[in-house]
Amino acid sequence: MTIDTSKLDNSVRVRFPPSPTGDPHVGMVRSALFNYAFARHYGGKLVLRIEDTDAARNTEESYQAILNTLRWTGIEWDEGPEVGGEFGPYRQSERGEIYADTAAKLLEAGKAYPCYCTAEELEAAREKAKAEKRAPGYEGTCRNLTAEQIAAYEAEGRTHVVRFRMPENRTISWDDLVRGAISFESVNVPDYPLLRADGSPLYTLTNPTDDALMGITHVLRGEDLLSSTPRQIPLHEALVELGLSKGVPEFGHLPFVMGEGNKKLSKRDPEASFSFYPRTGYLPEGLVNYLALLGWSLGNDEEIFSLDELVAAFDGTRVSANPARFDLKKCEAINAVHLRALETEDLAKRILPFLDREGLLLGGTDGHLANEEEWRTLLAAVPLVQERMTVLSEAIGMLGFLYTGDGSDARHAFALNEDDAAKVLTADAWPTLTAAFAALDALPEWTAAAIDEALRTALIEGLGLKPKNAFTPVRVAVTGRRVSPPLFESLELLGRERTLARLRAADARARAAA
RNA sequence: GGCCCCUUCGUCUAGCGGCCUAGGACACCGCCCUUUCAAGGCGGCGGCGCGGGUUCGAAUCCCGUAGGGGCUACCA
């Protein structure tokens, strides 16, 4: 909203700091995307930092999934795991000494203090405050302990956490990149823990410390962290005072990505999980485009753009402060536009793994998913289905009939969709099928144009059928479904042998029903 | 409860005092095209939460109010 562009040059350094717990979430991907676009737009750097300070919740699978997610999406990080950088290491679990040292300095300077309250005592205080309708935060019990009191606690064998000492009577404010002026009164921000009783660091310490130490200039993160900003700013200031940091970063809080109802998109919703998209056959181009639209717009009426175009346009000034509802229908529609724009060969390559996953391919040599014939068929079929698809997995249903065999090979055998067959291959369909068989069996030249002419002559002129009634039984007989790619081209691709065999089988079925 | 954020069609948004009888996209509904389904074309439905101000003039500025959301951990 209000960005001083004079300060935004190639010194821009932003970061994406995921916590490797669970499946990557689309909200997380959007956050990474905005940071990436912002960094690239200003010629700056994107730092990937893994915030794995909660050993109990982190998993290696999640860590790998995050890296794979970013790669699939096309988000490249300039510093971080696997690429290194001068501010590493980039996994917080490997930065223990840095945090211990920082905490010690904070403690020594009086910016932080040991707190001997037990979890039970804190819980009791919270309950009491709630009952008395007071703010339930930490009340500063140990904020001004004397040396004697500390010694007494130690003698008791009590352990302590380290708390940050919030400044008193101060208005903490900043100019949020997304929301403009925001301010909190420090009395409403309790002293918060930096170190656990076992001495291990908490997010509250590691996140600002690393932002400071890694020279982060702009923090673009979710709105859920907005209320932690007033505690982080004084910590940043303390780090500057201690000579550990050059300055306090700018903050921008991105709107939530919502799901059904008015709740944050939860892990319950299948579309919340990033893995849904590659699996279903969304394109990176499509997902990136849609995700960028969640809280951002180009400003004109254009909604279709590439990652590069996003980078070119994303200056950080057009981010909306409103929460955005995730709309899978629109995501599909955007994806479909990108899918339709693909070159034939490109689309064919992307479809291949889906056919393979379904067991529809015999496969080629040298690790190719398809043999030459299968690949040629696909190249010819792609133009027929391209504008009928929104996601890649749909190719399975639409093209499956071309990749089913007669049972003698390793592929799935051809099978009719039972619902469609029951509706269409009825008793009165057999004359149509018989006539179609005869016309095609006699056809000298097996091309779409010739098939078209032969079927029209035999069925529409010969039997006096309406096109819809003439072609639907043929379609179901040969492709197995009432909805298929264009019929004549489909028959041409399928070939005379399989077409006639399927017509004959369908004819027999229809006669049996008579 | 306290603190903070948010509020334009069902959804995502454009709009930053007059260009707005509010524009686009998705969804939805018609019609056209058509061998199915799509795609495409044309058209339709549908919105500034409410109340006060400020102003010649407010979706746009201010105040209030209502509603929604977040935070309030020795999680991140």
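Quick caveat, the model's predicted, so the values are computed rather than measured. Here is the naming used below: chain letters follow the sequence lines, and residue numbers restart at 1 for every chain.
Taking the C1' atom of each, U54(B) and C62(B) are spaced 7 Å apart, rounded to whole Å. Taking atom C1' in both G23(B) and U8(B), the straight-line distance is 11 Å, to the nearest Å. Comparing the C1' positions of G10(B) and C19(B) gives a spacing of 29 Å, expressed to the nearest Å. Straight-line distance between the P atoms of C9(B) and C3(B): roughly 29 Å, to the nearest whole Å. Distance noted for atom C1' between C48(B) and G1(B): 33 Å (whole Å). Distance noted for atom C1' between C28(B) and C12(B): 16 Å (whole Å). C42(B) and U36(B): their C1' atoms are spaced 23 Å apart (whole Å).
Residue contacts shown for Ile304(A) are absent, as no nucleic acid heavy atom lies under 4.0 Å away. At a threshold of 4.0 angstrom between heavy atoms, the contacts of Arg231(A) include nucleobase atoms, whether or not backbone atoms are also involved. Within the nucleic acid shown, Phe256(A) comes within 4.0 Å of sugar-phosphate atoms alone, with no base atom in reach, counting heavy atoms only. If you check every strand for non-hydrogen atoms under 4.0 Å, Arg481(A) touches nothing. Counting any heavy atom pair closer than 4.0 Å across all strands shown, Thr204(A) reaches no nucleic acid atom. Here Pro486(A) lies in heavy-atom contact (under 4.0 Å) with a base. Using a 4.0 Å heavy-atom criterion, one finds that Ser183(A) contacts the sugar-phosphate atoms exclusively. Nucleic acid contact class of Gly222(A) (heavy atoms, under 4.0 Å, all strands): none.
A donor-acceptor contact closer than 3.5 angstrom is absent between the side chains of Glu332(A) and Thr390(A).
A cation-pi arrangement is absent between Arg318(A) and Phe314(A) under the rule of less than 6.0 angstrom and at most 45 degrees off the ring axis. Geometrically, Arg49(A) does not engage Phe16(A) in a cation-pi contact defined by less than 6.0 Å to the ring centre and at most 45° from the axis. With Phe414(A) as the aromatic partner, Arg498(A) does not meet the cation-pi criteria of under 6.0 angstrom to the ring centre and within 45 degrees of the ring axis. Cation-pi geometry between Arg231(A) and Tyr192(A) is met: the NZ or CZ atom falls under 6.0 Å from the ring centre, inside 45° of the normal.
The nearest whole Å value for the distance from the CZ atom in Arg179(A) to the P atom in G69(B) is 16 Å. Rounded to an integer number of Å, the gap from CG of Leu463(A) to P of U35(B) is 17 Å. What separates CE of Met258(A) from P of C5(B) is a distance of 17 Å, to the nearest Å. Put simply, CG on Asp210(A) is 13 Å from C1' on A76(B), counting in whole angstrom units.
Taking only side-chain atoms of Phe184(A), from C-beta outward, the nucleotide of C74(B), C37(B), C3(B) with the closest atom is C3(B). You'll find that the side chain of Tyr203(A) is closest to A76(B), out of A76(B), U36(B), C5(B). The side chain of Leu226(A) sits closest to C5(B) out of C74(B), C6(B), C5(B). For Leu202(A), counting side-chain heavy atoms from C-beta on, the closest listed nucleotide (U35(B), C75(B), G70(B)) is C75(B). The side chain of Ser320(A) has U13(B) as its nearest neighbour among C6(B), A76(B), U13(B). Closest approach to the Asn322(A) side chain among C3(B), U13(B), C12(B) is made by U13(B) (side chain taken as heavy atoms from C-beta onward). When the nucleotides C74(B), U35(B), C5(B) are ranked by their closest atom to the side chain of Ile182(A), C5(B) comes out on top. Across C12(B), C6(B), G69(B), the shortest atom-to-atom separation from the side chain of Arg325(A) is found for C12(B). Checking U35(B), A38(B), C5(B) against the side-chain heavy atoms of Pro467(A) singles out U35(B) as nearest.
Every residue meeting the side chain to side chain contact (heavy atoms under 4.5 Å, CB included) condition with Pro467(A), not counting sequence neighbours, appears here in chain and number order: Ile460(A), Phe471(A). Tyr63(A) meets the ring-ring contact (aromatic ring centres under 6.0 Å, His included) test with no other residue; sequence neighbours excluded.
Using a 4.0 Å cut-off, some side-chain N or O of Arg126(A) falls inside it from OP1 or OP2 of A73(B). In this structure, Arg196(A) reaches the A76(B) phosphate: one of its side-chain N or O atoms is under 4.0 Å from OP1 or OP2. Between Thr53(A) and A76(B) there is a side-chain polar atom (N or O) within less than 4.0 angstrom of OP1 or OP2. The side chain of Thr472(A) places no N or O atom within less than 4.0 Å of a non-bridging phosphate oxygen (OP1 or OP2) of U36(B).
The partner of A25(B), taking Watson-Crick or G-U wobble pairs whose two distances both stay under 3.5 Å, is U11(B). Using N1 to N3 plus N6-O4 or O6-N4 for Watson-Crick, or N1-O2 and O6-N3 for G-U wobble, each under 3.5 Å, C33(B) pairs with nothing. When Watson-Crick and G-U wobble pairs are counted only if both distances are under 3.5 Å, G67(B) pairs with C6(B). Across the strands present, C56(B) finds its partner in G18(B); the criterion is a Watson-Crick or G-U wobble pair with both atom distances under 3.5 angstrom. The nucleotide A39(B) finds no pairing partner, because no Watson-Crick or G-U wobble arrangement with both distances shorter than 3.5 Å includes it.
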**Request:** Going 5' to 3' through nucleotides 20-34 of chain B, assign each nucleotide B (protein heavy atom under 4.0 Å from a base atom), S (under 4.0 Å only from sugar-phosphate atoms) or - (no protein heavy atom that close).
**Result:** ---BBBSS-------
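Between Tyr116(A) and His160(A), the two ring planes are tilted [angle within 30° to 60°].
Nearest heavy-atom pair, Pro473(A) versus Leu433(A), reported as atom, atom and distance to 0.1 Å: O-CD2, 3.7 Å.
Residue Glu418(A) forms a salt bridge (Lys or Arg N to Asp or Glu O under 4.0 Å) with just one option from Arg482(A), Arg509(A), Arg481(A), and that option is Arg509(A).
At a cut-off of 3.5 angstrom, counting only N and O atoms as typed in the model, there is no donor on one side facing an acceptor on the other between the side-chain of Arg318(A) and the base of U13(B).
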